[in-house]
Amino acid sequence: MIWVEILSRHREVAARLRIAGDEACIGRGYDNDVIVDDPYVAARHVRVCRDEAGRLIAEDAGSKNGMFLDHGIAREARIVLDAERPIRIGHTYLRIREASYAVPGERLARARTQTWPITIAVGLSVVTLGIEALFVWLAQTAEPRASTYLTPLLIVAASVLAWVSVWAVLSRIFSGRARFVQNLLIALSGILVISLYREFAQFSAFALAWPAATNYEYAVLWSILAAVCFFHLRETGRSRLVLKGAFVVTLLALAIAVQTVLRSEALSDSGRQNTFRQLMPPMLRLAPVRDQSTFFAEIERLKAGLDMERTQARADDAARP
Amino acid sequence: MITTIQGFRGAGRVLGLVAIAVGGGSAWAAPGDPPASAVSAAERIYAAAPARLLQFRTLVAGAERQSSTGSGFLVTADGLAITNYHVVSQVALDPKTYRLEYAAADGNRGEAKLLAIDLANDLAVVHLDRRDAPFFAFDEAAMARGLPKGERLYSMGNPLDLGFTINEGIYNGLVERSYNERMHFTGALNPGMSGGPAVTAEGLVVGVNVAKRTGAELVSFLVPARFAAALLQRVRDNEAAPPQDFRAEIGRQLAARQAGLYKSFGDRGFRSIAFGPYQAPETTAPWFNCSAQTNAGATPKPRASINSMNCRSDTNLFIANDLTTGSIQLSHSYVTTADLNQFQFATFLTRQSQPFLGQPILIGGGPSLKWHTTQRCHEDFVAAAAAPNHPPLRVVWCAQAYREFDGLYDVALTAVTEDHGTEALVSRLGLQAVAYADAVALSKRFLEAVQK
């Protein structure tokens with residue numbers, strides 16, 4: 001006794017038919033054991049039988065479009081069936097298994113729905129909103145008002161919900177399960193990392209007198225966003241992770257490149273260099289206080305760059321008619 | 001309220017300034033009858049003026065369209081005339097695009113050639129192709145600075161391209177606390193009259209119309225005639241050809257003038273003034289306009305108080321229509337709070353100083369890439385000395401080079417004290433068109449003078 005399974009593109013079983021003997025004919029015609037409604041399949045396309053060694057094989061019964069193994073592109077006249085990899089005729093995937101096929105052991109049922117992901121999600125939400133509120137409070141220089149807290153917190157909450165919903169819908173479409181909590185966890189972790197990094201960048205720019213931390217902040221933020229997108233994509237299905245990763249990395253590289261170009265153009269248009277944007281309490285200073293002569297030695301070094309630029313600008317002007 | 005002294009130009013701006021011209025006219029009608037002798041003096045002076053009173057027009061070469069106008073006057077029989085540099089600046093900077101034409105009050109017209117400029121005093125000498133024309137002579141008393149206050153002066157020119165006019169006004173001495181020597185003329189000057197002569201009742205030139213104060217009535221300025229005479233003498237002494245490239249000459253004159261300005265600024269030195277517990281440097285040079293501000297009266301009541309002082313020198317020079325430079329700015333803000341925590345205070349301080357961090361705060365001639373290279377900045381924590389009376393400072397230094405003018409830079413220095421969580425002094429120094437070494441030396445002294 002053998003079973004013939006017609007698979008969907010996502011390898012889910014669409015139909016399963018039992019064949020009493022060891023031989024089955026498959027095709028579009030009504031004289032077959034298994035009828036496949038695919039216009040690219042011949043009236044009699046494949047014959048499944050046993051070879052001399054007793055293995056199940058599939059033979060092309062003289063179709064025009066031929067028979068293929070799984071995603072293969074080489075036309076096969078005869079395939080030894082391994083019960084795992086399906087054969088492809090027309091646009092249809094078929095898997096043939098014997099009745100003696102050993103299925104894996106049963107998965108153990110969970111006692112109850114797990115509560116820890118939800119607990120973590122709630123915890124993360126509270127932490128994220130708390131950090132946002134803290135930052136709002138630290139930046140509060142006018143009389144405190146409810147709206148100064150409520151507006152940003154609601155905006156954050158609403159955008160997280162919208163973002164997670166989109167990914168949940170995508171996940172539902174592609175993997176059949178919304179995985180809302182998992183997607184929420186990913187989004188919240190992303191937001192948490194972003195806000196912590198932003199504070200870290202501001203802190204470094206001020207405390208370490210290292211303005212590159214904020215100047216190149218955008219590259220890190222894009223990277224965090226890309227990582228978040230990758231994990232969301234992983235939730236939509238664990239297959240082809242390399243492809244998804246490559247896609248995300250390409251988009252990331254593109255985004256960083258575009259923003260770098262835009263920023264350098266803005267700089268050459270405005271001529272303004274970005275200096276530190278945020279002062280912080282003096283107690284946070286980590287960098288040593290420089291001696292005045294050291295500072296002015298740096299300043300003297302700037303001159304060479306300015307003069308070089310002037311020479312360059314003059315040369316450019318002269319080159320223009 | 002201190003308003004900027006604006007150099008004025010010709011037809012390009014006529015529309016916006018017509019209202020001022022009309023207002024000035026009606027103001028003249030208000031006082032009682034002028035003395036009969038003055039009326040006849042003006043008549044007499046103007047009757048002799050036409051052949052030697054000029055209007056200068058800058059035309060776009062090729063298109064032959066008028067771009068701007070100004071006035072001027074002949075000072076020699078062989079066709080040398082005086083006008084303002086700002087009247088001929090387009091021709092000086094871009095002789096390929098612009099050319100200069102004159103029209104005398106007697107109807108004569110023709111080409112005019114730029115011979116020499118005096119950037120610091122906003123003067124130019126122009127050559128006209130005229131022989132044996134009548135000309136204006138300089139007043140000897142004025143040359144020796146002997147003109148009495150209250151002397152009646154007559155200013156001539158072609159305001160707003162409406163036709164030649166003569167205006168009566170009063171000489172009110174030299175402008176006090178001014179870096180550039182300027183005569184204070186209480187009379188109406190209007191756009192287009194720049195470069196015209198201001199004469200005594202005898203018709204002798206005492207000054208050259210140059211500017212007026214906007215937002216004030218009849219407050220006008222003249223360049224003393226002795227600068228014009230000196231420039232004329234330079235042209236005569238130097239019979240050789242005028243400079244081929246006036247841009248280079250402008251760069252040289254600007255550099256020389258600025259070197260003198262910054263030397264004088266440095267020599268005057270700083271005196272200390274108190275801002276809360278801090279000592280901040282204030283200039284002793286008299287040619288600064290200072291004003292103080294506080295946010296004490298703001299509503300809603302601010303949670304941190306700001307006391308600030310802002311000083312700006314009156315040393316702006318007109319270089320081109322889109323470049324006025326050469327001024328110095330110095331400002332301090334003492335910010336303190338009893339209400340905000342350290343983080344909130346830092347945010348408040350950031351917001352207060354944000355528009356200025358790393359930016360030259362000077363008014364007029366904001367950095368544009370037409371004249372400047374891109375900005376380069378350096379920032380760090382600095383202490384002028386290890387002594388406890390020198391608090392650590394967060395210093396941002398930003399500089400831009402002038403593309404055209406060798407050795408000149410615009411520099412902005414901002415220093416924020418970093419010794420206390422809830423009070424700070426934000427000090428700024430803006431130096432326009434400064435030599436790098438001067439900027440470094442002045443900045444060092446400035447930072448050393450910020451003390452506690």
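For the numbers below, each heavy atom of this structure counts, side chains included, while hydrogens, waters and symmetry mates do not. Chain A is the first sequence line, chain B the second, and so forth, proteins listed ahead of strands; every chain is numbered from 1.
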Next item on the list: Tell me, for A:Ala313 versus chain B, whether the close heavy atoms (under 4.5 Å) come from the side chain, the backbone, both or neither.
Entry: both

Notebook entry, point to check: B:Pro300, B:Ala437, B:Ala399: which one forms the most heavy-atom pairs within less than 4.5 Å of chain A?
Noted result: B:Ala399

Notebook entry, point to check: What closest approach, in Å, do B:Ala346 and A:Pro281 show between heavy atoms, and which atom pair accounts for it?
Noted result: CB-N, 3.8 Å

Next item on the list: Identify which part of B:Ser443 has an atom lying under 4.5 Å from any heavy atom of chain A, answering side chain, backbone, both or neither.
Entry: both

Check: Between B:Phe345 and chain A, which part of the residue has a heavy atom less than 4.5 Å away: side chain, backbone, both or neither?
Finding: neither

Check: For B:Ala401, does its backbone N or O pair with a side-chain atom of A:Glu309 as donor and acceptor, under 3.5 Å?
Finding: no

Notebook entry, point to check: Just by modelled atom types, is the B:Val382 backbone N or O under 3.5 Å from a matching donor or acceptor in the A:Arg290 side chain?
Noted result: no

Margin query: What's the separation between atom CG in A:Asp307 and atom OG1 in B:Thr373, rounded to the nearest 0.5 Å?
Written below: 9.0 Å

Check: Take atom OH in A:Tyr149; do more than 12 heavy atoms of anything else shown fall under 6.0 Å from it?
Finding: yes

Margin query: Please find the pair of heavy atoms, one from B:Glu379 and one from A:Pro211, that lie closest to each other, and give the distance.
Written below: OE2-CB, 3.7 Å

Checklist line | CG on A:Leu138 to CG on B:Leu340, rounded to 0.5 Å | finding: 11.5 Å

Item checked: Interface moiety of B:Asn341 toward chain A, non-hydrogen atoms closer than 4.5 Å -> side chain

Margin query: If you compare all heavy atoms of B:Thr374 against all heavy atoms of A:Leu306, which two are closest, and at what distance to 0.1 Å?
Written below: O-CD2, 3.9 Å

Next item on the list: Could you tell me whether a side-chain N or O of A:Arg310 sits under 3.5 Å from a main-chain N or O of B:Glu404, the two making a donor and an acceptor?
Entry: no

Notebook entry, point to check: Do B:Gln344 side-chain atoms and A:Trp137 backbone N/O form a donor-acceptor pair below 3.5 Å?
Noted result: yes

Next item on the list: Looking only at non-hydrogen atoms, find the nearest pair between B:Pro392 and A:Val289 and report the distance.
Entry: CB-CG2, 3.7 Å

Notebook entry, point to check: Closest heavy-atom contact between A:Phe295 and B:His378?
Noted result: CE1-CD2, 3.5 Å

Checklist line | Gap separating the CZ atom of B:Phe343 from the CG atom of A:Leu284, nearest 0.5 angstrom | finding: 4.5 Å

Next item on the list: Please round to the nearest 0.5 Å and tell me the distance separating atom CD of A:Gln292 and atom CD of B:Glu448.
Entry: 4.5 Å

Check: Within the distance-only criterion (no hydrogens, no angle test), does the side chain of B:Arg394 pair as donor or acceptor with the backbone N or O of A:Phe206 below 3.5 angstrom?
Finding: yes

Next item on the list: Would you check, one step at a time, whether the test side-chain contact (heavy atoms from CB on, under 4.5 Å) holds for B:Val395 with A:Phe296?
Entry: CA-CA 11 Å; B:Val395 182; A:Phe296 280 101; over 6 Å; no

Item checked: Nearest non-hydrogen partners of B:Phe381 and A:Ala207, listed with the distance -> CE1-O, 3.8 Å

Item checked: Reported CZ-to-CD distance for the pair A:Arg285 and B:Glu418, which is rounded to 0.5 angstrom -> 7.5 Å

Notebook entry, point to check: What part of B:His390 lies closer than 4.5 angstrom to a heavy atom of chain A: side chain, backbone, both or neither?
Noted result: neither

Check: So which of B:Ala384, B:Gly421, B:Ala424 has the largest heavy-atom pair count under 4.5 angstrom toward chain A?
Finding: B:Ala384

Check: Are B:Arg403 and A:Asp316 within salt-bridge range, i.e. N to O under 4.0 Å?
Finding: no

Item checked: Exceeds 12 heavy-atom contacts within 6.0 angstrom, atom CZ of A:Arg172 -> no

